[in-house]
2 protein chains.
Amino acid sequence: MTFRRALHFPHLKPALFYGLGGGLLIALLRYIEYQHFVRAYPNELYGGMLALIFTVIGIHLGLRWTRRQEVAPEPRPFATNPEAIREIGITPRELEILGLIAEGLSNREIGERLFVSENTVKTHSSRVFEKLGVNRRVQAAQKGKDLGLIP
Amino acid sequence: MTFRRALHFPHLKPALFYGLGGGLLIALLRYIEYQHFVRAYPNELYGGMLALIFTVIGIHLGLRWTRRQEVAPEPRPFATNPEAIREIGITPRELEILGLIAEGLSNREIGERLFVSENTVKTHSSRVFEKLGVNRRVQAAQKGKDLGLIP
DNA sequence: ATCCCCGTCATCCTTTCGGGTGATTTCGGG
DNA sequence: CCCGAAATCACCCGAAAGGATGACGGGGAT
């Protein structure tokens, strides 16, 4: 309710996972090496295996980490205007500001149109962003349309 | 200088670049090895370097491939408007930036996703605004959709 | 009367945008 | 071969936006 800014590292777990996995792999490779592999085969095999394995791991890491960046799909099969509005708890005034944001107006222009100060507009827009779970006005506009809050 | 340019053509040059680069790396490592680096230092150093290097390469490759997936194969149900695109004189790259702007990404995020600097994104976006006759990204997103330039 | 929500406004601070200018490289067409 | 378009990047500056916090009055609900 207050701070969802709390320390939260979405990439920490995968990093730990891959780090530990990599460590285990290295340990395994070392074990194999000391058994006889490196003695029996040239070092190029060892390096090649390492390269291959870690290339794959790197690709995996890259894919996984960029997938996190994608905006949440947010399926909304049932909710339309009134239900979504009530569900999110957005107030009429905030809805008004959201509509003007989606029209591409600046905070100053919104304030002039609604006869309030720019600071007030910023307060409203901040609350809108909070309730929509976004932090940029383009995202707010998009999400507002997706949810049927605004035309 | 010329190597960086490989970012431009995703077909042949990157493959050559990474292939030759990898080969050179391996050759270098082998050279170092035969110069008794591996004899002087434990094999773990050798393996660690290989792992690190190829993890980075792997991440790069993974990101690059997903990027190509985003650009090329897009069986979208709607149809972008080629006439409007040509009429406005917007370039493919600018169109790409416009699409990401409409998704609510910041310039920094766009740069990270497209593997270019934030400055480049700003240059592109400025031109897009100019061509669309707007001066804010929300308006650009709206107009791009209205004209059928983006989904 | 009291409490809480809503709307209003403010201040401080950081980040992001927008606009402008200049530069380099690559590539295709004349 | 030169020329221009496209793409890349850098630097600067001012404006806009965003985040956090505090305050205050009106109006319902308890």
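Every chain is numbered from 1, with letters handed out A, B, ... down the list of sequences. Treat the numbers as computed from the prediction; the structure is a model and nothing was measured.
With respect to A:Arg127 and A:Glu130, no salt bridge is recorded, no charged nitrogen being found less than 4.0 Å from a carboxylate O.
For the pair B:Ile90 CD1 and D:dA7 C1', the computed distance is 14 Å after rounding to whole Å. Atom CG in B:Asn119 sits roughly 8 Å away from atom P in D:dC11 (whole-Å rounding). Summarising the geometry, the separation between CD on B:Glu109 and P on C:dT16 is reported as 9 Å, rounded to the nearest angstrom. The CG atom of B:Leu132 sits 16 Å away from the C1' atom of C:dC17 (whole-angstrom rounding).
For the helix from C:dA1-D:dT30 to C:dG30-D:dC1, the terminal axes (five pairs an end, C1' atoms, rotation from four pairs onto the next four) enclose an angle of 40°, given to 10 degrees.
Side-chain atoms of A:Thr91 and A:Lys131, non-hydrogen and from C-beta on, do get closer than 4.5 Å to each other. Side-chain atoms of B:Leu114 and B:Thr120, non-hydrogen and from C-beta on, never get closer than 4.5 Å to each other. Contact of the B:Leu149 side chain with the B:Leu132 side chain is registered, since non-hydrogen atoms from C-beta on lie closer than 4.5 Å.
With hydrogens and angles left out, the side-chain atoms of A:Ser126 and A:Thr123 include no donor and acceptor closer than 3.5 Å.
Heavy-atom minimum distance, A:Arg136 versus B:Leu105: NE-C, 4.1 Å. Considering every non-hydrogen atom in both A:Glu94 and A:Gly89, the closest pair reads OE1-O, 4.4 Å. The shortest heavy-atom contact between A:Asn135 and A:Gln139 is OD1-OE1, 3.3 Å. The two residues A:Leu95 and A:Ile150 make their nearest non-hydrogen contact at O-CG2, 4.4 Å.
With sequence neighbours left out, B:Glu118 forms a salt bridge (Lys or Arg N to Asp or Glu O under 4.0 Å) with B:Arg108. Taking the side chain to side chain contact (heavy atoms under 4.5 Å, CB included) definition, one finds that A:Ala141 meets it with A:Ala102, sequence neighbours left out.
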Listed pairs, N/O of protein and of nucleotides 6-8 of chain C, under 3.5 Å:
from: C:dG7; atom 1: OP1; to: A:Arg93; atom 2: N; distance (Å): 3.4
from: C:dG7; atom 1: OP2; to: A:Thr91; atom 2: OG1; distance (Å): 2.6
from: C:dT8; atom 1: OP1; to: A:Arg93; atom 2: NE; distance (Å): 3.4
from: C:dT8; atom 1: OP1; to: A:Arg93; atom 2: NH2; distance (Å): 2.9
from: C:dT8; atom 1: OP2; to: A:Arg93; atom 2: NE; distance (Å): 2.9
from: C:dT8; atom 1: OP2; to: A:His124; atom 2: NE2; distance (Å): 3.0
from: C:dT8; atom 1: O4; to: A:Arg127; atom 2: NH2; distance (Å): 3.4

Please list, for nucleotides 16-18 of chain D, all pairs of protein and nucleotide N/O atoms separated by less than 3.5 Å.
from: D:dA16; atom 1: OP2; to: A:Arg108; atom 2: NH2; distance (Å): 3.3
from: D:dA17; atom 1: OP2; to: A:Asn107; atom 2: N; distance (Å): 3.0
from: D:dG18; atom 1: OP1; to: A:Arg137; atom 2: N; distance (Å): 2.9
from: D:dG18; atom 1: OP2; to: A:Arg137; atom 2: NE; distance (Å): 3.2
from: D:dG18; atom 1: N7; to: A:Lys122; atom 2: NZ; distance (Å): 3.2
from: D:dG18; atom 1: O6; to: A:Lys122; atom 2: NZ; distance (Å): 2.8

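In this structure a side-chain-to-backbone donor-acceptor pair under 3.5 Å is missing from A:Arg137 to A:Ile101. Distance alone, capped at 3.5 Å, places no donor-acceptor pair between the A:Lys122 side chain and the A:Asn107 backbone.
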In the 5'-to-3' direction, what one-character label does each nucleotide of nucleotides 24-30 of chain D receive under the scheme B = base within less than 4.0 Å of a protein heavy atom, S = sugar-phosphate only, - = no such atom? -------

